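Inspection log for the structure reproduced underneath, given as structure tokens.
Per chain, numbering begins at 1; letters A, B, ... match sequence-line order. Note: hydrogens, waters and symmetry copies are ignored here, and every other heavy atom, side chains too, is used. Since the structure is predicted, the reported quantities are computational estimates derived from the model, not experimental observations.
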Amino acid sequence: MSVRVRFAPSPTGYLHIGGLRTALYNFLFARHHGGRFVLRIEDTDRTRYVPGSVEDILASLRWAGLEPDESPVHGGQYGPYVQSERTEIYRHHAAMLVERGMAYYAFDTPDELERMRQRQQAAGIAPRYDRSAMRNQFTLGEDETARLLAAGQPATIRLKVPLHGDVKFHDAIRGAIVVPYKDIDDQVLLKSDGFPTYHLANVVDDHLMAITHVIRGEEWLPSTPKHVLLYEAFGWTPPQFAHLPLLLNPDRSKLSKRHGDVAVRDYIAKGYFPEALVNFIALLGWNPSGDRELYTLDELIEAFSLEDVNKAGAVFDLAKLDWMNAQYLHRRVQTDLGSLIQQLRPLLSERGWNASDDYIGRVIVLVHERIHRLPEVVEFADYMFVPPRYDEEFFRTVWDDQSETLLRNLSSVIETTDPFTAEELHRRLNQFAAEKSIPFRRIGNLLRLAVTGKRVGAGMMDTIALLGKDETLRRIASLLSSVATLQGSPASDSDVEAQPS
RNA sequence: GGUCCCAUCGACUAAUGGUUAGGUCACCACCCUUUCAAGGUGGCGGUACGGGUUCGAAUCCCGUUGGGACUACCA
């Protein structure tokens, strides 16, 4: 039987980073085995539906390179792939279970159920549906049940869990799992609004869509016994289960918004590369060797195996993601500078900065080893596009009595440098430093102040060469005419604009 | 509270009974150097604890402790 797996998110908001990893493992497993990767939308809770979610899920998967083979938009022979369009199927199957005596009608109101739980809590017992004391098919009898149904009384259908015995199943990651029936609740399968719960819809769809492997988050492990029971009640063979370890916050709780961005959309917006994010999350909970970090999607497919998936949760460490993204940035600069230029230009335009593709490309090359994400260019190298703002603290540490004279001399050296290349600049300035017995460090810092305004930046000679002779001389002159202002506001935190020359 | 799952450096992980417990990120130091990075070299740092089984345990078993998930007519 050929492999068929599914990713089945609820459209309750943006695709979550944990959801992306679940989708990724499903995708890798499918591709590794030459199987099919199905996207199914589980929208059975109408109250939690968020418009736009499906579009975001699809767009995020596509961005990551995880295109489904079957989905609401890709179609397929097992559709529809949206659960709200399948309600008749679930109603039919729930009724089938009632007929077989594997499920039953219940008429309890939310208030009655709440009181039941309070009683149980007070008595110190686990809150569970009390089949023998509530209003249902068993306590009311067949005639009364039929009468209430005919009268249109709101009713749910609950799973009739056996009183004695155990459910056993095998998890590809966790091995054999055994749970006594007595610990399993009589789960609602069909809600009084006629919609199924997750448990019913999920099992019915996985069977009808010929899913062979259910690869999902560990949060589903506790309800898997119910699902197995459902397969048995229908007389179906359950799929293989594989429950993935959770993605964790730094405090080891389930990954959530409280500690930072969790939507894939946020990472796209911050300029992370899809191959970096995919590479990173692939290695959160799975590892083929332990001595290698960088994998292409094809290499991940080739190496992927459920046997190598870990059991313990994995903390999402942003610092390592940044490192990995930087690795991919270095690579892209070498192999595909054009795409980086295209990606960066809109961010520059937003600020009203315009430059040629060639110039943008050179700036990226100049600073790429100092940043992790491409959009950081905008903050890091703003001075490559607009006049510098002087960092006053840097000014105070660099500036002294002789700086003005020195700067004027440097201006002459730069003016007469030809060709205007980083190498020639370095040669001339070095020579100048030697002649005047000035540490090269002082020259570098002074020029850095004039040209960039700040302490940190790319190589000074390369920066000046790219900026050009005219602009460099202009900036030196600007600093010279700003000195009075800078010295006049010693306690101020704000940066000082370069003076127009 | 109940049920289930989990447990190797701060983080991600390798080692499927025999290694001085390996790699990556982070951190520290040094080299390189005009700043900051990148790169290179080195370092710090771990098998939660206690019992077994075995010639030999990170690895198998039991217990303890700790963490997590679940416990809805949400998924």
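The pairing partner recorded for B:C73 is none, the criterion being a Watson-Crick or G-U wobble arrangement whose two distances lie under 3.5 angstrom. The base-pairing partner of B:U59, taking Watson-Crick or G-U wobble contacts with both distances under 3.5 Å, does not exist among the strands shown. The base-pairing partner of B:U47, taking Watson-Crick or G-U wobble contacts with both distances under 3.5 Å, does not exist among the strands shown. Base pairing analysis places B:A29 opposite B:U41; the two distances defining the Watson-Crick or G-U wobble pair are each below 3.5 Å. Base pairing analysis places B:U19 opposite nothing; no Watson-Crick or G-U wobble pair with both distances below 3.5 Å involves it. With a 3.5 Å ceiling on both atom-pair distances, the Watson-Crick or G-U wobble partner of B:U65 is B:A7.
Heavy atoms of A:Gly457 sit under 4.0 angstrom from at least one base atom. Base contact: A:Arg448 has a heavy atom under 4.0 Å from a base atom. Among the heavy atoms of the strands, none lies under 4.0 Å from A:Asp185. Note on A:Gly285: only backbone sugar-phosphate atoms sit closer than 4.0 angstrom, heavy atoms only; bases stay farther off. A:Glu293 comes within 4.0 angstrom of a base, heavy atoms only. Within the 4.0 angstrom heavy-atom criterion, only backbone atoms of the sugar-phosphate kind lie near A:Pro196; the bases stay farther away. Here A:Thr156 lies in heavy-atom contact (under 4.0 Å) with a base. No engagement by A:Glu114 is indicated, since no non-hydrogen atom pair under 4.0 Å with the nucleic acid exists. The residue A:Ala458 sits close to a base: some heavy atom pair falls under 4.0 Å. At a threshold of 4.0 angstrom between heavy atoms, the contacts of A:Leu190 with the nucleic acid are absent. At a threshold of 4.0 angstrom between heavy atoms, the contacts of A:Thr44 are confined to the sugar-phosphate backbone, with no base atom among them.
Distance OH (A:Tyr295) to P (B:G23): 16 Å, rounded to an integer number of Å. What separates CG of A:Leu329 from P of B:A37 is a distance of 17 Å, to the nearest Å. As rounded to whole Å, 16 Å separates atom P of B:U34 from atom CG of A:Leu406. Spacing between atom CD of A:Glu369 and atom P of B:U33 amounts to 16 Å, rounded to whole angstrom units. Separating the CG atom of A:Asn279 from the P atom of B:U24 is a distance of 15 Å, rounded to the nearest angstrom. Here the C1' atom of nucleotide B:U34 and the CD1 atom of A:Ile438 are 14 Å apart, to the nearest Å. Separating the CG atom of A:Leu366 from the C1' atom of B:U34 is a distance of 14 Å, rounded to the nearest angstrom. Per the geometry, NE2 belonging to A:His368 stands 16 Å off P belonging to B:A37, to the nearest Å.
B:C27 and B:C9 are spaced 12 Å apart, taking the C1' atom of each and rounding to whole Å. Look at the C1' atom in both B:A29 and B:G52: the space between them is 45 Å, to the nearest Å. Comparing B:G2 with B:U59, their C1' atoms are spaced 32 Å from each other, to the whole Å. Rounded to whole Å, the separation between the P atoms of B:C44 and B:U33 comes to 27 Å. Between the C1' atoms of B:C62 and B:U54, the separation comes to 16 Å (whole Å). Taking atom P on both nucleotides, B:C55 is separated from B:A11 by 36 Å, rounded to a whole Å. Comparing the same atom, P, in B:C12 and in B:U71 gives a spacing of 25 Å after rounding to whole Å. B:A57 and B:C49: their P atoms are spaced 15 Å apart (whole Å).
Among the nucleotides B:U34, B:A72, B:A11, the one closest to the side chain of A:Asp317 is B:A11. With B:A75, B:A14, B:G67 as the candidates, the nucleotide lying closest to the side chain of A:Arg252 is B:G67. Proximity note for A:Arg370 (side chain, C-beta onward) versus B:A37, B:G10, B:C73: the nearest is B:A37. Side-chain proximity of A:Trp323 to the nucleotides B:C74, B:U24, B:U35 is greatest for B:U24. In this structure, the nucleotide among B:C73, B:U13, B:G68 sitting nearest to the side chain of A:Arg158 is B:C73. Between B:U34, B:A75, B:U13, one nucleotide has an atom nearer to the side chain of A:Ala314 than all others, and that is B:U13. Nearest to the side chain of A:Leu284, among B:G23, B:C12, B:U35, sits B:C12. For A:Lys254, the side-chain atoms get nearest to B:C70 when compared with the rest of B:C70, B:U34, B:A11. Listed nucleotides B:U34, B:A11, B:C70 differ in distance to A:Met461; the shortest reach to its side chain belongs to B:U34.
A:His426 has its ring centre less than 6.0 Å from the ring centre of A:Phe440. A:Tyr272 has its ring centre no less than 6.0 Å from the ring centre of A:Phe280.
Judged by closest nucleotide on RNA chain B, A:Pro127 is the one of A:Pro127 and A:Arg117 placed further toward the 5' end. Between A:Val188 and A:Arg292, the residue whose closest nucleotide on RNA chain B is further toward the 5' end is A:Arg292.
With hydrogens and angles ignored, no donor-acceptor pair closer than 3.5 Å exists between the side chain of A:Arg455 and the base of B:C36. For A:Lys454 against B:U35, a side-chain-to-base donor-acceptor contact under 3.5 Å is absent. For B:C73, its base sits under 3.5 Å from the side chain of A:Ser192 at one donor and acceptor pair at least.
Contact annotation: the side chain of A:Pro288 never approaches that of A:Phe304 to less than 4.5 Å [non-hydrogen atoms, C-beta and beyond]. A heavy-atom distance below 4.5 Å is not found between the side chains of A:Leu97 and A:Tyr104. Taking 4.5 Å as the limit, some side-chain heavy atom of A:Lys270 sits within range of a side-chain heavy atom of A:Asp261. The shortest side-chain heavy-atom distance between A:Asp130 and A:Arg119 does not fall under the 4.5 Å cut-off. Contact check for A:Asn202 versus A:Leu230: no side-chain heavy atoms found under the 4.5 Å cut-off.
At B:G39, one or more side-chain N or O atoms of A:Gln327 fall inside 4.0 Å of OP1 or OP2 (strictly under the cut-off).
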Report all interatomic pairs (protein N or O, nucleotide N or O of nucleotides 2-5 of chain B) with separations under 3.5 Å.
| from | atom 1 | to | atom 2 | distance (Å) |
| --- | --- | --- | --- | --- |
| B:C5 | O2' | A:Arg174 | NH1 | 2.7 |
| B:C5 | O2' | A:Glu218 | OE2 | 3.1 |

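Contact check on A:Arg428 versus A:Glu424 returns no salt bridge, with no Lys/Arg side-chain nitrogen under 4.0 Å from an Asp/Glu carboxylate oxygen. Under a 4.0 Å N-O distance rule, the pair A:Lys469/A:Glu415 does not qualify as a salt bridge. Salt bridge present: A:Arg6 and A:Asp206 bring a charged side-chain N and a carboxylate O closer than 4.0 Å.
Ring-plane geometry between A:Tyr25 and A:Trp286 is classed as perpendicular, the angle between the planes exceeding 60 degrees on a 0 to 90 degree scale with a lower cut at 30.
Applying the side-chain hydrogen bond (donor to acceptor under 3.5 Å, both in side chains) test to residues at least two apart or on different chains, the pairs with a partner in residues 433-450 of chain A are A:Asp400-A:Arg442.
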